[in-house]
Protein chains: 2
Amino acid sequence: MERTYSISELAAEFDITPRTIRHYEAEGLIAPDRDGQRRIYSARDRVRLALVLRGKRLGFSLAEAREIIDLYAAPHGEVGQLRTLLGKLDAKRAMLEDKRRDLDAAIANMDRYAERCRERLGDLEAATREAAE
Amino acid sequence: MERTYSISELAAEFDITPRTIRHYEAEGLIAPDRDGQRRIYSARDRVRLALVLRGKRLGFSLAEAREIIDLYAAPHGEVGQLRTLLGKLDAKRAMLEDKRRDLDAAIANMDRYAERCRERLGDLEAATREAAE
DNA sequence: TGCACAGTTTACGTTAACGTAAACGTCAAT
DNA sequence: ATTGACGTTTACGTTAACGTAAACTGTGCA
C-alpha cells in the first residue's frame, strides 16, 4: 500500500490552503479518491499538485497547466495516440523553450547592468579615497 | 531627435490594445510624454513596455514587473544608492534563477517522458511490421 | 455523552488585468 | 462643413484564481 495524504497535509507541505487544492480539483487538475466524503490523495495526486504549482510559478494559467499535465496521463495504447502525443509534447516543449529564451535574456540583461553598476561603484569609491588624502 | 511612437503603433507592434498600454501607465509602469492630450512614446518607453511584456510572459504580476524594471531607472548618484541597488538586483536575480531551475526541470522532465514515448512507439511499430509478415 | 477537530458543500466576496462602451476632442481630407 | 481615423477620459463589466464565511458531517477521545 502506498502512502496517502489528507488535504491539509498537502496544503501544509506546499504552503497553500485546502481551498486552493479543492479549487484545482474543481478545475479538473486533480481527482483524488474518496473515503466517503473525505478526499484521499495518492502519491500521484501529490505529484500532479506539484506540477500544477510549478506551472503557476512559470506563469501558466490553470487551464494551460492542465493541458500540459494531462499529456503525462494520456493513453499510450495505439500507435496513433503515441504519435499525436509526441506532437503535442513537441509543441509544449517549444513553448517552454521560448520561455527559457525570455528568461535567459532577462538574466543576461540584469547581469550586464549589475556589472556596470559595480564598475561605477568602484569608480566612486576610488574617488572617495582620493578625496580623503 | 529620436523616433517617437503613437499608442496604436506600439499596440500593433506588440500585439496588444491601446487600453492595455494605458493600463500599464495607470499602474505606473510607463510614463510617456504628452503633446496636449496625446501620448507620445519615446524609444525608452518602448523598451520599458517590452520589459513589462516579457515580465508578464515569465509570470510576473504588473507590480513585480514594475519593481524589477524600476531598478533599471534607479538613481546611481551616491555610493549608498548603488550599494542598495546592487543588493536588490541580487535578490531579483535569485528569483529569476529559481524560475530557471523550475523551467529546466520542467523541460528535462518532458524530454525524458518524450524519449520513453518514442521508445514505446518504436516497439509498437516493430511489432506491427512483424505481424505483417 | 459531548466536544473539539478536521473535513465537506454552498455561496458570496475580492483582486488583478484588462475589455467594452459612451461621450467627447482634433485634425486631415473630401 | 462633415466625415473618418485616431486619440482622450470616465466608468462599469468580465474572467481567473482563489478568500471567506456559514452551516453541516463524521471521528476520536476525555
Side-chain angles (χ1 to χ4, degrees), chain A residues 3-43 45-46 48-70 95 99 102 106, chain B residues 3-42 45-46 48-70 92 95 99 102 106:
Chain A
R3 235 212 104 167
T4 63
Y5 307 83
S6 75
I7 195 168
S8 54
E9 269 180 310
L10 289 186
E13 176 177 356
F14 292 108
D15 197 31
I16 55 182
T17 69
R19 173 69 175 95
T20 298
I21 300 181
R22 290 191 198 102
H23 180 61
Y24 293 166
E25 180 176 349
E27 297 294 315
L29 291 159
I30 319 178
D33 291 340
R34 298 279 182 139
D35 170 23
Q37 289 250 92
R38 292 178 130 73
R39 287 170 241 266
I40 308 270
Y41 297 86
S42 69
D45 292 327
R46 181 168 162 271
R48 280 182 74 94
L49 178 55
L51 289 178
V52 173
L53 296 174
R54 189 170 71 190
K56 289 222 65 193
R57 288 196 301 272
L58 293 176
F60 291 106
S61 70
L62 293 185
E64 288 169 325
R66 189 185 48 202
E67 275 189 49
I68 295 177
I69 294 173
D70 281 349
M95 289 188 48
K99 251 173 217 232
D102 270 333
Chain B
R3 236 213 102 168
T4 63
Y5 306 83
S6 76
I7 195 168
S8 55
E9 270 180 310
L10 288 186
E13 175 177 356
F14 291 108
D15 196 30
I16 55 182
T17 69
R19 174 68 175 96
T20 298
I21 300 181
R22 291 194 197 101
H23 180 61
Y24 293 167
E25 179 175 349
E27 296 294 316
L29 291 160
I30 319 178
D33 292 340
R34 297 280 181 140
D35 171 23
Q37 289 250 90
R38 292 177 129 74
R39 292 167 171 80
I40 308 269
Y41 296 87
S42 69
D45 292 327
R46 181 168 163 269
R48 279 182 75 94
L49 178 56
L51 288 178
V52 172
L53 296 174
R54 188 169 71 189
K56 288 222 67 193
R57 287 196 301 273
L58 293 176
F60 291 106
S61 70
L62 293 185
E64 289 169 325
R66 189 185 47 201
E67 275 188 49
I68 295 177
I69 294 174
D70 280 349
K92 297 300 179 188
M95 290 188 48
K99 254 177 215 227
D102 270 332

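Order of the sequence lines sets the chain letters (A, B, ...), proteins ahead of strands, with each chain counted from 1. Bear in mind that the values here come from a model prediction, so they are computed numbers and not experimental data.
Rounded to the nearest 0.5 Å, atoms OH (B:Y24) and CG (B:L10) are 12.5 Å apart. Note that CG of B:D33 is 6.5 Å distant from CG of B:D45, once rounded to the nearest 0.5 Å.
Atom CZ of A:R19 and atom C1' of C:dA6 are 17 Å apart (whole Å). Distance A:I40 CD1 to C:dA6 P: 16 Å, rounded to the nearest Å.
Within the structure, a side-chain polar atom (N or O) of A:R39 is placed less than 4.0 Å from OP1 or OP2 of C:dT8. Look at A:R22 and you'll find a side-chain N or O under 4.0 angstrom from OP1 or OP2 of C:dT8.
At a threshold of 4.5 Å between non-hydrogen side-chain atoms, the residues B:R66 and B:L62 do not count as touching. Looking only at side-chain heavy atoms (C-beta outward), B:F14 and B:I21 stay at 4.5 Å or farther from each other. Inter-residue side-chain proximity for B:R46 and B:R3 is flagged as unmet; no heavy-atom pair is nearer than 4.5 Å.
Remark on DNA chain D: of its neighbouring residues B:S6 and A:A63, the 5'-side contact belongs to B:S6, judged by nearest-heavy-atom nucleotide. Residue order along DNA chain C, read from the 5' end via each residue's closest nucleotide, puts B:K56 first among B:R38 and B:K56. Comparing A:T20 and B:Q37 by the nucleotide of DNA chain D whose heavy atom lies nearest to each, the residue mapping closer to the 5' end is B:Q37.
Nearest heavy-atom pair, A:K99 versus B:L58, reported as atom, atom and distance to 0.1 Å: O-CD2, 3.7 Å.
Between chain A and DNA chain D, the heavy-atom contact criterion of under 4.0 Å yields a 5' to 3' nucleotide range of D:dA17 to D:dT20.
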